[in-house]
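Before any comments, here is the structure.
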Amino acid sequence: MKKINWEEVSMTIISYAGMAKSNAVLAIGEAENGAFEKADSLLKEADEMMIVAEKAHMDIIVQEAQGVQHDFKVLFMHAEDQMLTTQTLMILVQKFINLYKKLK
Amino acid sequence: MKKINWEEVSMTIISYAGMAKSNAVLAIGEAENGAFEKADSLLKEADEMMIVAEKAHMDIIVQEAQGVQHDFKVLFMHAEDQMLTTQTLMILVQKFINLYKKLK
Amino acid sequence: MKKINWEEVSMTIISYAGMAKSNAVLAIGEAENGAFEKADSLLKEADEMMIVAEKAHMDIIVQEAQGVQHDFKVLFMHAEDQMLTTQTLMILVQKFINLYKKLK
């Protein structure tokens, strides 16, 4: 089984989840200003970025399930955290957009 | 001191925190539609699910504090992340429910 | 390179991120009641607490980047999670405050 390049995997997750997080924050800002088309489009882009991050992450989980004992890396832990907090943020940003659409 | 079954503990946390997360997302949906009784009830159920997840998690923390050096498992890290992001989500879902009640 | 005192670092992060999380939750409560000055001030305090937590966390990441292989500690994982979920919470609390100001 091939050795994982932790730094590469972690940086992929951190980059893509980080871009998705930025997009999500910008999307609420657009919704606050009533720019719903821009908000929806930013969140849609964020969804696509998260697919890349989640794929990289899933590969690790699958390897472990197949019996690979991974070394502990703080950087990967940070990557995983970035991914899951971004998922949560995106759920709630969508709810903010819905709300601002209703209030309009 | 008994050996931890990481997979079992992780899957318990992932299952219960996962169900709580789903409930929380459904609860905002109900609040968006003005179904506040359903929203409150879904969030109350989520609270009960989280008690199971948090108990499983606390056992691990307590063992470590007693001197047990745990192996690193990505699955457990994922479980812990699911738990903490769900707690955060639930706090904010409650705030969305409060807000929709006010707006009604 | 000096040995990390994991418990100390973890407790610093847990304490400061925990206080910031409490402040953030209180801040939404104040915004719900229209007490915006109090809400803003609680969130500003939370920002300052997070600077302490993020500094402690960054020291660990930097050491790892310099080649230190850290031991896995569940307590530190929990600390990291507390920090990242609090960051996410604070972003959204700010958005709730903005919303309540608009609704006023």
Side-chain angles (χ1 to χ4, degrees), chain A residues 1 3-6 9-10 13-14 17 20-21 24-25 28 31-32 50 53-104, chain B residues 5-11 13-14 17-18 20-35 39 42-43 46 50 53 64 69-104:
Chain A
M1 198 160 297
K3 186 97 183 111
I4 287 172
N5 182 334
W6 275 112
V9 173
S10 302
I13 297 175
I14 289 173
K21 188 173 272 188
V25 172
I28 307 187
E32 284 175 341
M50 285 302 281
E54 285 161 8
K55 163 98 187 52
H57 171 258
M58 189 50 71
D59 290 346
I60 303 286
I61 296 270
V62 168
Q63 280 210 341
E64 187 179 85
Q66 289 167 343
V68 177
Q69 171 61 46
H70 295 310
D71 295 333
F72 168 61
K73 288 290 169 199
V74 174
L75 191 68
F76 180 73
M77 187 173 77
H78 187 65
E80 158 92 23
D81 278 337
Q82 284 290 4
M83 201 184 80
L84 268 86
T85 53
T86 300
Q87 286 170 342
T88 304
L89 183 66
M90 285 169 61
I91 291 169
L92 290 161
V93 165
Q94 183 61 65
K95 296 307 179 181
F96 266 103
I97 295 174
N98 294 355
L99 179 61
Y100 274 113
K101 284 179 180 169
K102 274 177 201 283
L103 289 176
K104 203 198 166 180
Chain B
N5 183 333
W6 276 111
E7 274 203 17
E8 200 179 293
V9 172
S10 301
M11 292 315 290
I13 296 175
I14 289 173
K21 189 174 271 186
S22 300
N23 262 38
V25 172
L26 290 173
I28 307 189
E30 296 293 346
E32 284 176 341
N33 296 323
L42 283 162
L43 208 53
M50 285 302 280
E64 188 178 86
Q69 170 61 46
H70 295 311
D71 294 335
F72 169 60
K73 289 290 169 199
V74 174
L75 191 66
F76 180 74
M77 186 173 76
H78 188 65
E80 158 94 22
D81 277 338
Q82 283 290 4
M83 201 184 81
L84 268 87
T85 53
T86 301
Q87 286 170 343
T88 305
L89 184 64
M90 286 168 61
I91 292 169
L92 291 162
V93 165
Q94 182 61 66
K95 296 306 179 182
F96 266 104
I97 295 175
N98 294 355
L99 179 61
Y100 274 113
K101 284 180 181 169
K102 274 176 202 283
L103 289 176
K104 204 198 165 179

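The model shown is predicted, which means the values in this text are computed figures rather than measured ones. Reminder, nothing fancy here: chain letters follow the sequence lines and each chain counts from 1.
To the nearest 0.5 Å, atom CD of residue A:Glu80 and atom CG of residue B:Asp81 are 4.5 Å apart. The CG atom of B:Leu89 lies 12.0 Å from the OG1 atom of A:Thr85; values are rounded to the nearest 0.5 Å.
In this structure, the portion of B:Lys21 lying under 4.5 Å from any heavy atom of chain A is its side chain and not its backbone.
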Before you tell me yes or no, could you show the steps for A:Leu84 and B:Leu84 under side-chain contact (heavy atoms from CB on, under 4.5 Å), namely the whole-Å CA-CA distance, both residues' side-chain angles and the distance that decides it to 0.1 Å? CA-CA 9 Å; A:Leu84 268 86; B:Leu84 268 87; over 6 Å; no
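Listed by chain and residue number, A:Ala46, A:Met49, A:Met50, A:Thr86, A:Met90 satisfy the side chain to side chain contact (heavy atoms under 4.5 Å, CB included) test with A:Ala20 (two or more places apart in sequence, or in another chain). Under the side chain to side chain contact (heavy atoms under 4.5 Å, CB included) criterion, B:Ala35 pairs with B:Glu30, B:Lys38, not counting sequence neighbours. Every residue two or more places apart in sequence or in another chain that forms a side chain to side chain contact (heavy atoms under 4.5 Å, CB included) with A:Val74 is listed here: A:Phe72, A:Met77, C:Trp6, C:Ile60, C:Ile61, C:Glu64, C:His70, C:Phe76.
Applying the 6.0 Å contact sphere to CD of B:Gln69 captures more than 12 heavy atoms from other residues, nucleotides or ligands.
Proximity to chain A at a heavy-atom threshold of 4.5 Å picks out B:Phe96, B:Leu99, B:Tyr100, B:Leu103 from residues 96-104 of chain B, in numerical order.
Your options are B:Gln82, B:Glu7, B:Lys73, and the one with the most heavy-atom pairs under 4.5 Å with chain A is B:Lys73.
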